[in-house]
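First comes the structure, then the notes that go with it.
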Amino acid sequence: MSETTYDWHFDDGNTPQAINPAENAAQANAAMQQVLAESTGPAPDVPVPNDCLVTLPVGIEIDGKTVREAEIRELTGEDEEALAKVATNSLRFFDVVLQRGVVCIGDTKPTPDLLKSLYVGDRDALLLAIRIATFDKALEMTGVECPGCGQRIDVTVDLSTVPQRGLPVEPHSVALRKGTAFLRFPTGADQAYILADQDTSDARRNTLLLERCLDHIEAPDGTATPGSSQVAQQMGIADRRKALLYLADHAPGPELAHVSVEHDSCGKEVPLPLTLTDTFLNL
């Protein structure tokens with residue numbers, strides 16, 4: 001299965017890769033795809049126990065209360081067999097990891113529907129915790145090129161130190177050319193909807209994402225138009241990209257894309273933008 005990637009440093013304002021969404025269609029169009037979709041690798045190997053308590057970056061409402069604590073467990077050989085059956089389907093693979101690796105959310109035993117109702121960022125936090133509990137916190141990478149001196153080095157990333165971003169302060173809004181778009185961040189159910197057809201184009205996935213996560217557009221005169229597939233299709237391309245980039249740049253969850261290490265020899269920071277797929281591969 002193909003993997004959609006992009007440079008997570010495109011919009012930090014400090015690198016040559018920074019882009020204007022109205023001018024660079026290719027990079028901007030790929031931004032939200034990396035948040036939602038990853039290719040998979042082999043099923044996990046023999047597990048190593050670790051800490052099994054997780055604080056969710058956002059949390060979920062259960063019985064009228066916001067719950068942010070969860071318990072996970074290491075994956076076993078039985079889980080490995082189950083994962084091997086879905087290893088070619090990235091979405092299904094990570095669904096099974098969560099279904100088998102999450103013990104409870106608060107005091108509630110998770111169901112597939114409950115797990116899908118979590119924000120994607122909370123799902124990613126649970127997946128990262130399951131990875132650490134199963135394989136240990138160290139992720140070894142070989143042959144990484146230092147941008148400062150060009151030397152290729154071997155590095156070890158401590159996954160337990162990856163920072164977690166919470167939900168940005170509301171309103172989640174973006175100024176458009178004519179009006180303001182009000183957005184929400186995607187859940188697992190949105191992710192499944194958007195990635196149901198893995199052969200569709202990125203442009204179509206962007207429409208599906210906006211269909212689900214564009215709450216409404218408020219015109220300058222205060223008129224509100226609810227989000228829909230038709231509204232997403234009728235938005236200007238620059239406005240669409242601006243909304244998508246907001247969702248990508250402010251997404252809650254583990255900030256794997258901003259991981260870096262210092263090269264001891266030259267003292268320069270070596271960026272190591274990661275995905276969840278990277279943390280499960282070649283172990």
Side-chain angles (χ1 to χ4, degrees), residues 2 4 6 10-11 19-38 57-61 66 89-92 94-95 111-124 165-253:
S2 63
T4 304
Y6 78 105
F10 70 95
D11 59 354
I19 67 169
N20 184 325
E23 297 176 356
N24 193 319
Q27 284 180 285
N29 210 35
M32 200 59 211
Q33 304 308 321
Q34 185 62 55
V35 175
L36 293 170
E38 298 174 289
V58 182
I60 185 171
E61 187 173 307
T66 299
N89 184 315
S90 63
L91 186 62
R92 183 63 182 142
F94 286 120
D95 276 346
T111 63
D113 285 343
L114 178 60
L115 292 170
K116 285 185 178 180
S117 67
L118 292 169
Y119 279 102
V120 170
D122 283 347
R123 287 166 60 91
D124 289 351
R165 179 191 288 144
L167 195 66
V169 177
E170 294 186 289
H172 310 313
S173 61
V174 175
L176 307 178
R177 290 182 175 181
K178 295 181 180 179
T180 304
F182 290 84
L183 305 155
R184 67 170 178 81
F185 291 93
T187 65
D190 298 323
Q191 189 177 49
Y193 178 79
I194 294 160
L195 299 177
D197 181 359
Q198 298 193 15
D199 293 327
T200 195
S201 66
D202 286 350
R204 178 58 182 164
R205 286 197 183 116
N206 288 339
T207 296
L208 295 174
L209 174 62
L210 291 172
E211 175 190 340
R212 303 279 290 202
C213 294
L214 174 61
D215 184 80
H216 68 279
I217 294 178
E218 186 175 299
D221 64 2
T223 302
T225 302
S228 66
S229 179
Q230 183 178 23
V231 169
Q233 288 176 323
Q234 291 178 347
M235 288 177 69
I237 291 175
D239 282 346
R240 277 167 58 100
R241 289 174 188 152
K242 195 171 184 181
L244 293 165
L245 286 170
Y246 175 87
L247 291 173
D249 192 42
H250 296 81

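Note that the coordinates shown come from a computational prediction; the quantities given were computed from them, not determined experimentally.
Contact between D122 and G59 at its shortest, heavy atoms only, is OD2-N, 2.8 Å. S173 approaches T180 most closely through the heavy-atom pair CB-CG2, 3.8 Å. Taking every heavy atom of both residues into account, M235 and L176 meet most closely at CE-CD1, 4.3 Å. Between N89 and L91, the shortest heavy-atom contact is OD1-N, 3.2 Å. When all heavy atoms are compared, the tightest approach of F185 to P168 is CE1-CD, 3.8 Å. For V58 against P252, the heavy-atom pair with the smallest separation is CG2-CB, 3.6 Å.
With respect to D202 and R205, a salt bridge is recorded, a charged nitrogen being found less than 4.0 Å from a carboxylate O.
Relative orientation of the F182 and H216 rings is parallel, given thresholds of 30° and 60° on the angle between their planes.
Note that the CD atom of Q191 and the CG atom of L118 stand 11.0 Å from one another [nearest 0.5 Å]. The distance from the CG atom of L214 to the OG atom of S229 is 11.0 Å, given to the nearest 0.5 Å. Taken from CD1 in I237 to NZ in K242, the straight-line distance is 15.5 Å, to the nearest 0.5 Å. Between atom CZ of residue R204 and atom CD of residue Q233 there is a gap of 6.0 Å, rounded to the nearest 0.5 Å. How far CZ of R241 is from CG of N206: 8.5 Å, rounded to the nearest 0.5 Å. In this structure, OH in Y193 is found 3.5 Å from CD in E211, a value given to the nearest 0.5 Å.
Between I60 and S117, the closest side-chain pair of non-hydrogen atoms falls below 4.5 Å. Taking the side chain as every heavy atom from C-beta outward, Y119 and P57 never approach each other to under 4.5 Å.
Among D190, D215, L247, the one residue that satisfies the side chain to side chain contact (heavy atoms under 4.5 Å, CB included) test with R184 is D190.
Using modelled atom types, one side-chain atom of R123 and one backbone atom of L115 make a donor-acceptor pair closer than 3.5 Å. Between the side chain of R240 and the main chain of A203, a donor-acceptor pair closer than 3.5 Å is present.
D221 and T223 are linked by a side-chain donor-acceptor pair at a separation below 3.5 angstrom, with hydrogens and angles left out of the test.
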Derivation of the side chain to side chain contact (heavy atoms under 4.5 Å, CB included) call for K178 and D239: CA-CA 9 Å; K178 295 181 180 179; D239 282 346; over 6 Å; no
